[in-house]
Every structure is written in C-alpha cells, then in structure tokens.
Engineer: 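Quick one: this structure, given as structure tokens, is what I'll be asking you about.
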Protein chains: 2
Amino acid sequence: MTVTEAAAERLVRIGEVARSAGVSVRAVRYYEQQGLLTAERSPSGQRLYRQDTVTLVRFFQQMFAAGLTSRRIAELLPCWDTGHTDAEQRSMLRAERDRIQAKVDDLQAALDRLDEVIAVTDTHP
Amino acid sequence: MTVTEAAAERLVRIGEVARSAGVSVRAVRYYEQQGLLTAERSPSGQRLYRQDTVTLVRFFQQMFAAGLTSRRIAELLPCWDTGHTDAEQRSMLRAERDRIQAKVDDLQAALDRLDEVIAVTDTHP
DNA sequence: CTGAAAGCTGACACCGACGTCAGAGGCAAG
DNA sequence: CTTGCCTCTGACGTCGGTGTCAGCTTTCAG
C-alpha cells in the first residue's frame with residue numbers, strides 16, 4: 001500500500017451520506033445546489049462524497065435549526081474551512097450569534113408562560 | 001355613570017390594535033380568520049376590539065415565536081380563557097413545552113459552536 | 001363639501017427547506 | 001437477461017404567517 005493509496009479517501013454515494021447524517025437524499029442534493037457541498041462524479045455521473053461530508057451535513061442541520069439560511073452558511077463556510085475571516089464575516093458571525101441568543105431568550109420566556117399555565121391547569125383540574 | 005356604563009369597555013379599531021401590539025393590520029385580520037380573535041362590528045362593518053386584545057395579540061406573537069401554529073394556539077386558548085383543561089389539552093401543553101425546551105437546547109448548542117468559531121477567528125485574524 | 005386616511009373583502013405572491021412525482025439510466029445478484 | 005434497488009435531472013407542490021395590490025366604502029378634519 002503506497003502513501004498515495006493510504007491518503008486516498010474512500011468515497012461514498014449519496015444514499016449512504018444521507019442515511020449516516022439522518023437526512024433525506026433530496027436534502028443532500030439541495031445542499032450541493034446551494035453551494036454547501038461539492039462532490040466528485042463517478043464516470044456514470046453519480047455523486048461521490050468524502051466521508052467527512054457526513055459531519056458537515058450534521059453541522060448544516062444544526063445551523064438550520066438555529067435559523068441560519070443556506071446562503072448565510074455558505075458565506076460563513078470559509079471560516080470553518082480556512083479558519084480565516086475578514087471583517088464582514090466576523091460581523092456576520094456576531095450578528096447570527098446575537099440573533100440566536102435573542103431567540104433563546106424569547107423561547108425561554110414562552111416556556112415560562114407555558115409552565116405557568118401548566119401549573120395552574122394541574123392544580124385546577 | 002351607571003354600573004353598566006362603567007363596565008362597558010372602550011372598543012378600538014383594528015389600526016390601533018395593530019399599532020399598539022406592534023404588528024400589521026393584516027396580521028390582526030389573519031388572527032381573526034384563524035379563530036384566535038373575535039370582534040364586534042360597527043354598523044358599517046368595521047371591526048371593534050376590546051382593549052385587552054392588544055395583550056392577547058402580543059401573546060400570540062410570543063407563541064408564534066416559540067413555534068406554535070395558529071391552530072395549536074386556537075386549541076389551547078380555552079386553557080387561558082377558562083383555566084380549565086381536559087386531558088388532551090394538558091398533553092398538548094406538555095408536548096409543546098417539551099418541544100420548545102428541546103429547541104432551546106438545540107439553539108444553545110448552535111450558539112456554543114458559533115462562539116467557538118468566533119473565539120478562534122478573533123485570535124487568528 | 002372634500003380630500004386624506006383608514007377599513008373592508010378577496011386573492012395572489014413570497015420565502016426556504018425540503019417532499020414528491022416522472023421518466024430514464026446505472027449496478028450488482030441470481 | 002432480468003429483477004430490484006440506487007441514482008440522475010427537472011420541475012412543481014407544501015406550509016404558515018404576512019406582504020401587497022385592487023377596488024370600494026367609511027370616517028374624520030378642515
């Protein structure tokens with residue numbers, strides 16, 4: 001086994017990526033269309049992904065859950081890939097962070113209100 | 001001033017409700033359409049709301065922000081109005097509560113990841 | 001009286017992350 | 001060869017809270 005062969009990543013098809021990451025095949029294609037993923041192609045045209053794509057997809061899901069759009073994620077991807085950021089990216093990062101924090105506070109407030117009601121409705125059957 | 005007159009609420013039109021609650025007129029009409037609000041009508045057909053409608057609308061906004069749909073809110077409204085709940089409503093309340101709590105946890109995790117990146121990109125300009 | 005501002009109904013547009021269907025090709029097993 | 005599963009492209013559908021436009025009536029201030 002040569003160094004080159006050892007370094008060669010085992011490539012996986014879209015179905016395996018989707019299953020491993022817990023999303024649909026459609027979703028993975030969508031991410032590629034939005035510029036979040038790149039894939040090699042087999043001679044017949046099938047997408048071939050690196051294994052760590054699964055981690056990336058899980059990360060996307062987390063960011064989606066936090067309310068980031070695919071556009072924003074695409075704009076911030078270089079921060080992860082290269083670890084380098086310009087002023088605009090740093091400001092976007094902070095903006096998203098603040099937005100999420102505000103959302104957490106809103107949700108917590110809503111949670112408190114629901115808990116009040118639950119407490120009342122439990123003592124007043 | 002009779003007791004009846006004192007008890008008669010001052011009714012406000014949709015524009016004032018919207019402004020006071022910080023939403024659009026369109027939104028208020030939508031809430032009514034979804035069964036979240038009821039309004040009297042003036043002889044000419046204009047909607048007339050009670051003053052506490054403003055509080056109610058703000059509450060709707062908070063629930064929307066927490067991810068409840070107008071349908072769910074409508075189903076749970078009696079819990080607020082009457083303070084009485086049946087088993088189904090109590091289970092819905094708990095389900096929503098748990099869903100929001102999970103969402104808070106997700107957001108917090110996303111927040112932590114963003115903060116990591118921010119920390120890195122600040123020390124590595 | 002008159003014009004601006006506000007209200008009414010009804011209906012179509014929008015966003016964003018997918019679901020879903022159609023029609024066609026690829027690939028290993030029996 | 002066939003069967004069955006996977007993959008491809010392309011395109012339209014979905015949901016939910018609102019924006020928005022059209023066309024008409026009501027209200028209010030000057």
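Reckoned from all heavy atoms, side chains included, excluding hydrogens, waters and symmetry mates. Lettering of chains follows the sequences in order, A, B, ..., and the numbering in each one begins at 1.
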Engineer: Would you mind reading off the distance between B:R71 atom CZ and D:dG17 atom P, rounded to a whole angstrom?
Structural biologist: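 The distance from CZ of B:R71 to P of D:dG17 comes to 10 Å, rounded to the nearest Å.
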Engineer: Assess whether atom CZ of A:R58 is packed by more than 12 heavy atoms of other residues, nucleotides or ligands within 6.0 Å.
Structural biologist: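 It does: A:R58 CZ has more than 12 such atoms within range.
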Engineer: Mind checking whether A:S70 and A:F60 have side chains closer than 4.5 Å, heavy atoms only?
Structural biologist: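 Contact flag for A:S70/A:F60 side chains = no.
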Engineer: Within this structure, what is the CD-to-P distance between B:Q46 and C:dA5, rounded to whole angstrom?
Structural biologist: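 Distance check: B:Q46 CD to C:dA5 P gives 16 Å.
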Engineer: Expected output is a numbered-order residue list: members of residues 22-30 of chain A with a heavy atom under 4.0 Å from any atom of DNA chain D. What is it?
Structural biologist: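 DNA chain D contact set from residues 22-30 of chain A: A:R26, A:R29.
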Engineer: I'd like to know if the side chain of B:D52 reaches the main chain of B:T55, judged simply by a donor and an acceptor atom lying under 3.5 Å from each other, with no hydrogens or angles considered.
Structural biologist: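 It does not hold such a pair.
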Engineer: With DNA chain C as reference, determine whether A:F64 or B:G15 sits nearer its 5' end, using the nearest nucleotide of each.
Structural biologist: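 Residue closer to the 5' terminus by nearest nucleotide: B:G15.
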Engineer: Taking only the side-chain nitrogens and oxygens of B:Y31, find out if one of them lies under 4.0 Å from OP1 or OP2 of D:dG17.
Structural biologist: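 Negative; the distance criterion is not met.
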Engineer: Rounded to the Å, how far apart are B:L11 CG and D:dT27 C1'?
Structural biologist: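 One finds 16 Å between C1' of D:dT27 and CG of B:L11, rounded.
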Engineer: Take the protein atom CG of A:L48 and the nucleotide atom P of C:dG26, then report the distance between them rounded to whole Å.
Structural biologist: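 Distance check: A:L48 CG to C:dG26 P gives 15 Å.
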Engineer: Using a cut-off of less than 4.0 Å, is there contact between a side-chain N or O of A:R47 and OP1 or OP2 of D:dC8?
Structural biologist: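 So the side-chain polar atoms of A:R47 do come within 4.0 Å of the phosphate oxygens OP1 or OP2 of D:dC8, strictly under.
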Engineer: For B:L68 and D:dG16, give me the distance from atom CG to atom C1', rounded to whole Å.
Structural biologist: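 Answer to the nearest Å: 13 Å.
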Engineer: Any side-chain to backbone donor/acceptor pair from B:R97 onto A:L114? Under 3.5 Å, distance only.
Structural biologist: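 Not at all, since once roles are kept as given, no pair shorter than 3.5 Å links the two residues.
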Engineer: Checking A:R47 side chain against A:S42 main chain: does a donor-acceptor pair fall under 3.5 Å?
Structural biologist: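 No; zero donor-acceptor contacts below 3.5 Å.
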Engineer: Would you check if the side chain of A:T82 reaches a backbone N or O of A:P78 as a donor-acceptor pair within less than 3.5 Å?
Structural biologist: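 Side chain of A:T82 to backbone of A:P78: a pair is present.
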Engineer: In terms of heavy-atom contacts, does CZ of B:R71 have more than 12 from other residues, nucleotides or ligands at under 6.0 Å?
Structural biologist: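 Counting neighbours around CZ of B:R71, 12 or fewer heavy atoms of other residues, nucleotides or ligands fall under 6.0 Å, so no.
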Engineer: So, is B:R41 close to the C:dT9 phosphate, meaning a side-chain N or O under 4.0 Å from OP1 or OP2?
Structural biologist: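 Indeed, a polar side-chain atom of B:R41 lies that close.
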Engineer: Nearest to the B:Q61 side chain among D:dC8, D:dT27, D:dT18, which nucleotide is it?
Structural biologist: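 Out of D:dC8, D:dT27, D:dT18, the nucleotide with an atom closest to B:Q61's side chain is D:dT18.
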Engineer: Among C:dG26, D:dG17, D:dT27, which nucleotide has an atom closest to any side-chain atom of A:S44?
Structural biologist: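 So the nucleotide nearest the side chain must be C:dG26.
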Engineer: Could you state the CE-P distance from A:M63 to C:dA17, rounded to the nearest angstrom?
Structural biologist: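 Interatomic distance, CE of A:M63 to P of C:dA17: 14 Å.
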Engineer: What's the CD-C1' distance between B:Q34 and D:dT18, to the nearest Å?
Structural biologist: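 The distance from CD of B:Q34 to C1' of D:dT18 comes to 12 Å, rounded to the nearest Å.
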Engineer: Starting at atom CD1 of B:I14, determine the distance to atom C1' of D:dT18, rounded to an integer number of angstrom.
Structural biologist: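 Going from B:I14 (CD1) to D:dT18 (C1'), I get 13 Å.
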